[in-house]
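Have a look at the structure below before the remarks.
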Amino acid sequence: MIELAGIERMFVVGGQQVHALRNFDLRIADGEYVAVMGPSGSGKSTLLNLIGLLDRPSAGQYRLDGRDVIGLSDEEQARVRSRKMGFVFQVFHLVPRLTAAENVALPMVLAGIAPAERRQRVEKALAAFGLTDRAAHRPDQLSGGQRQRVAIARATVMGPAVILADEPTGNLDRATGEEVMAILDRLNAQGVTVILVTHDAQIGAHARRQLRMLDGALVSDTAAEAMTA
C-alpha cells in the first residue's frame, strides 16, 4: 500500500519558489494499475520520483506498506527501492558497454546476489521477454523495442512489488509501444502494482485507474469518481 498525505514538493528556480506538488493526497493499493496523466509540467514525474524514493518531499507524509519511508536514511531508502521497486524510463538508461544479459544482471550485482543465481534469473528474464537470442548484444545492436524490453527485464529481475514507468513508450512507434504496454499489462495481471506516467490517452487507457494532474495538484481520480457515482 502506497499512502501519501499532504505532500508538498518545492523547488527554487531563478530565485523563485515553484510548487511541483501541492498538498497531494493519494492511496494506491497493492496490485493496482494506475496511469498518471496531465500536461507537461503538471508534476507527474515529480510524483513518480517521490513514490520511487528518488526524491524527498518538502513536506507531508509517505508510508509504504505502513512504514514511514521519508525519515529513512539514503542507504535505507536504497534498500527499499532495491527490494520493492522497479523503474522503466523513456530513455531506457541501459549501460552502453554492457550486453543485454549484463544490463539485466546489474541490479543483482549491486544487491550482492551470487553469480550462479544471477545467471539463472537473467536467463529466465530474457526468455520471458523474448530476448534470449539477444543476450550477447549491446544496446546499440538492439531496436528501440528490444532496448525497452531489456529495461523492463532489468526492472523486474529482482521481483519488485511495484513497477514505476515514466513515459515508457515515448521513444517508440505506436505498434512497438503497444507491445511494451502488453508486457506491463501482463505484469499487472500477475499481481505487480504498475504506476505509469503518460501524456497519451490511449496508453493511459490500459490502466484501470487514471489520475489527472494540473499544476502540481490532483484534479481527478477515476477510482474516487466511481465510488461517488
Side-chain angles (χ1 to χ4, degrees), residues 2 28 30-38 40 44-55 64 77-78 80-96 98-111 121-122 124-131 134 137 139 142-200 202-211:
I2 292 166
I28 297 176
D30 294 343
E32 280 204 79
Y33 195 164
V34 181
V36 184
M37 307 176 71
S40 184
K44 304 185 300 298
S45 293
T46 299
L47 175 64
L48 206 70
N49 287 339
L50 286 174
I51 291 173
L53 299 175
L54 297 173
D55 191 14
L64 180 63
Q77 286 194 349
V80 172
R81 279 197 306 273
S82 175
R83 188 176 70 253
K84 290 275 190 183
M85 299 175 181
F87 298 86
V88 181
F89 300 99
Q90 178 177 349
V91 293
F92 315 133
H93 290 304
L94 301 179
V95 180
L98 299 183
T99 66
E102 290 166 341
N103 268 285
V104 173
L106 193 55
M108 295 184 289
V109 174
L110 299 175
R121 288 203 200 181
V122 167
K124 184 177 179 180
L126 291 175
F129 297 112
L131 293 163
R134 294 292 183 267
H137 289 62
L142 302 172
S143 68
Q146 289 167 342
R147 278 178 276 173
Q148 192 60 295
R149 279 187 278 151
V150 172
I152 295 173
R154 181 183 60 189
T156 58
V157 76
M158 292 287 289
V162 182
I163 291 291
L164 302 168
D166 194 353
E167 299 282 5
T169 65
N171 281 338
L172 305 174
D173 60 68
R174 176 64 66 180
T176 306
E178 285 296 333
E179 291 175 6
V180 168
M181 290 309 301
I183 293 172
L184 295 178
D185 295 349
R186 185 172 77 240
L187 289 168
N188 180 249
Q190 294 167 354
V192 177
T193 303
V194 176
I195 305 173
L196 164 74
V197 161
T198 183
H199 67 279
D200 187 323
Q202 283 185 257
I203 297 299
H206 282 257
R208 290 187 296 275
R209 179 181 180 188
Q210 289 87 29
L211 310 177

Trace of the side-chain contact (heavy atoms from CB on, under 4.5 Å) decision for Ile152 with Leu187: CA-CA 10 Å; Ile152 295 173; Leu187 289 168; 4.1 Å; yes

Stepwise side-chain contact (heavy atoms from CB on, under 4.5 Å) test for Arg149 and Leu142: CA-CA 10 Å; Arg149 279 187 278 151; Leu142 302 172; over 6 Å; no

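- Looking only at side-chain heavy atoms (C-beta outward), Val192 and Arg186 stay at 4.5 Å or farther from each other.
- A pairwise comparison of heavy atoms in Leu172 and Gly177 identifies CB-N, 4.0 Å as the closest pair.
- Inter-residue side-chain proximity for Met158 and Ser82 is flagged as met; some heavy-atom pair is nearer than 4.5 Å.
- Between the side chain of Asn103 and the backbone N or O of Val95 there is at least one donor-acceptor pair closer than 3.5 Å.
- Taken to the nearest 0.5 Å, the OG atom of Ser45 stands 11.5 Å off from the CG atom of Asp55.
- Using the six-membered ring where Trp is involved, Phe89 and His93 have ring planes that are perpendicular, over 60° apart on the 30 and 60° scheme.
- For the pair Val162 and Lys84, the minimum side-chain heavy-atom distance is 4.5 Å or more.
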Test log, rule side-chain contact (heavy atoms from CB on, under 4.5 Å), inputs Asp185 and Tyr33: CA-CA 8 Å; Asp185 295 349; Tyr33 195 164; 2.7 Å; yes

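- A distance-only check finds a donor-acceptor pair linking the side chain of Glu167 to the backbone of His199 [under 3.5 Å].
- Minimum heavy-atom separation, Met85 to Leu164: SD-CD1, 4.1 Å.
- Between Leu94 and Arg147, the closest side-chain pair of non-hydrogen atoms falls below 4.5 Å.
- Of all heavy-atom pairs spanning Arg121 and Val157, the tightest one is NH1-O, 3.2 Å.
- Between Leu131 and Gln146, the shortest heavy-atom contact is CD2-O, 4.1 Å.
- Arg209 is listed as a side-chain neighbour of Ile28, based on a closest heavy-atom distance under 4.5 Å.
- Annotation for Arg134 and Ala100: closest pair O-CB, 3.3 Å, computed over non-hydrogen atoms.
- Remark: the backbone N or O of Gly31 is paired with a side-chain donor or acceptor of Asn188 at under 3.5 angstrom.
- Counting only distance, with no hydrogens or angles, the side chain of Gln210 and the backbone of Met37 share no donor-acceptor pair below 3.5 Å.
- In this structure, CG in Leu64 is found 6.0 Å from CD1 in Ile2, a value given to the nearest 0.5 Å.
- Looking at every heavy atom in both residues, Val36 comes nearest to Lys44 through O-CD, 3.6 Å.
- Atom CD of residue Glu179 and atom CZ of residue Phe129 lie 13.5 Å apart, to the nearest 0.5 angstrom.
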side-chain contact (heavy atoms from CB on, under 4.5 Å) between Leu196 and Met181, worked out: CA-CA 10 Å; Leu196 164 74; Met181 290 309 301; 3.7 Å; yes

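- Without hydrogens or angle criteria, Arg81 side chain to Leu53 main chain gives a donor-acceptor distance under 3.5 Å.
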